[in-house]
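Below is one structure, written out as structure tokens; the observations come after it.
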Protein chains: 2
Amino acid sequence: MFKLHSQLNADSVILGNLPLCQLLLVNDQQYPWFVLVPRRADISEIYQLSDSEQQILWQESSLVSQTIMRLFNGDKLNVAAIGNLVPQLHIHHVVRFKDDVSWPSPVWGKYPMINYSSEQIKKISQKVVSQLTLADD
Amino acid sequence: MFKLHSQLNADSVILGNLPLCQLLLVNDQQYPWFVLVPRRADISEIYQLSDSEQQILWQESSLVSQTIMRLFNGDKLNVAAIGNLVPQLHIHHVVRFKDDVSWPSPVWGKYPMINYSSEQIKKISQKVVSQLTLADD
């Protein structure tokens, strides 16, 4: 059974479910940073999903990518499945700006997270959720 | 018309072409590191490819992923489209080991590349090319 990894749970806010993936907002106000987690147990690599699941994953990734790039007007999107520390398959989608704190470096391990206020989380969540058809957990 | 970005060309060896992507071996002996570059001009984000091209891209990514993980017996695969410095869309596939120099950090910007010898390049290229059906440039 799928259960979100405790580290992802600690670092993020759950926005809702797409048909395959849970959509998370990473609680770091330095970048608009979203994560897709396929709701499948014991999967750590993309190719361990079935062919049809992989297809759905990338459709959901493309939908989220276009939505967040449009909403935040980013300069570049970084899409990555790394998982060296958290083995549960999760795909980062980070909107990057040429004047963000880490540019042009990748964001992972660069700076400690700076949490949003609860007001900011509410605002950014509504902004994204209003553009996507998400189911509750 | 598609032309490989000069930086990718400088850092890599071209192994051949899959139906959509050019397959590169990054010239860094610290990790088995491969890059897929869709042979389409002026594309910097995955979602800028057509739906059918995206589908082919991820099929090729999955094929390459499984092949290199099997050949090099890695602990984890890192798959990433970053492109903050080189805007031409390219998708990294890095086989990671728990005892590699950067583990568990991502590899980008971590350590300077250490080039292979020409003998090593020949060996690793043959190893991978023998497992894939690649066309010449």
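The shown structure was predicted, so the numbers you read here are calculated from the model rather than taken from an experiment. All chains are named by letter (A, B, ...) in the order of the sequence lines, taking the proteins before the strands, and each is independently numbered beginning at 1.
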Quick check on A:Ile82 against chain B: is it the side chain, the backbone, both or neither that has a heavy atom closer than 4.5 Å?
both

Would a single hydrophobic cluster contain both B:Val86 and B:Ile43, if residues Ile, Leu, Val, Met, Phe, Trp and Tyr are joined by side-chain heavy-atom contacts under 4.5 Å?
no

Following the transitive rule for hydrophobic clusters with a side-chain heavy-atom cut-off under 4.5 Å over Ile, Leu, Val, Met, Phe, Trp and Tyr, establish whether B:Val94 and B:Val101 coincide in one cluster.
yes

Any idea which donor-acceptor pairs are under 3.5 Å between chain A and chain B?
{"unit_1": "A:Ser44", "atom_1": "O", "unit_2": "B:Lys76", "atom_2": "NZ", "d": "3.1"}
{"unit_1": "A:Glu45", "atom_1": "OE1", "unit_2": "B:Lys76", "atom_2": "NZ", "d": "3.1"}
{"unit_1": "A:Glu45", "atom_1": "OE2", "unit_2": "B:Lys76", "atom_2": "NZ", "d": "3.2"}
{"unit_1": "A:Glu45", "atom_1": "OE2", "unit_2": "B:Leu77", "atom_2": "N", "d": "3.0"}
{"unit_1": "A:Gln54", "atom_1": "OE1", "unit_2": "B:Ser62", "atom_2": "OG", "d": "3.2"}
{"unit_1": "A:Ser62", "atom_1": "OG", "unit_2": "B:Gln54", "atom_2": "OE1", "d": "3.2"}
{"unit_1": "A:Lys76", "atom_1": "NZ", "unit_2": "B:Ser44", "atom_2": "O", "d": "3.1"}
{"unit_1": "A:Lys76", "atom_1": "NZ", "unit_2": "B:Glu45", "atom_2": "OE1", "d": "3.1"}
{"unit_1": "A:Lys76", "atom_1": "NZ", "unit_2": "B:Glu45", "atom_2": "OE2", "d": "3.2"}
{"unit_1": "A:Lys76", "atom_1": "NZ", "unit_2": "B:Ile82", "atom_2": "O", "d": "3.2"}
{"unit_1": "A:Leu77", "atom_1": "N", "unit_2": "B:Glu45", "atom_2": "OE2", "d": "3.0"}
{"unit_1": "A:Asn78", "atom_1": "OD1", "unit_2": "B:Asn84", "atom_2": "ND2", "d": "3.4"}
{"unit_1": "A:Asn78", "atom_1": "ND2", "unit_2": "B:Ile82", "atom_2": "O", "d": "3.2"}
{"unit_1": "A:Asn78", "atom_1": "ND2", "unit_2": "B:Asn84", "atom_2": "OD1", "d": "2.9"}
{"unit_1": "A:Val79", "atom_1": "N", "unit_2": "B:Ala81", "atom_2": "O", "d": "2.9"}
{"unit_1": "A:Val79", "atom_1": "O", "unit_2": "B:Ala81", "atom_2": "N", "d": "2.7"}
{"unit_1": "A:Ala81", "atom_1": "N", "unit_2": "B:Val79", "atom_2": "O", "d": "2.7"}
{"unit_1": "A:Ala81", "atom_1": "O", "unit_2": "B:Val79", "atom_2": "N", "d": "2.9"}
{"unit_1": "A:Ile82", "atom_1": "O", "unit_2": "B:Lys76", "atom_2": "NZ", "d": "3.2"}
{"unit_1": "A:Ile82", "atom_1": "O", "unit_2": "B:Asn78", "atom_2": "ND2", "d": "3.2"}
{"unit_1": "A:Asn84", "atom_1": "OD1", "unit_2": "B:Asn78", "atom_2": "ND2", "d": "2.9"}
{"unit_1": "A:Asn84", "atom_1": "ND2", "unit_2": "B:Asn78", "atom_2": "OD1", "d": "3.4"}
{"unit_1": "A:Asn84", "atom_1": "ND2", "unit_2": "B:Pro104", "atom_2": "O", "d": "3.0"}
{"unit_1": "A:Pro104", "atom_1": "O", "unit_2": "B:Asn84", "atom_2": "ND2", "d": "3.1"}

Same hydrophobic cluster for A:Ile46 and B:Val35, using side-chain heavy-atom links shorter than 4.5 Å among ILVMFWY?
no

In the single-linkage hydrophobic clustering (I, L, V, M, F, W, Y; side-chain heavy atoms under 4.5 Å), do A:Val79 and B:Leu8 co-cluster?
no

Among the clusters formed by ILVMFWY side chains lying less than 4.5 Å apart, do A:Phe34 and A:Met113 turn up in the same one?
no

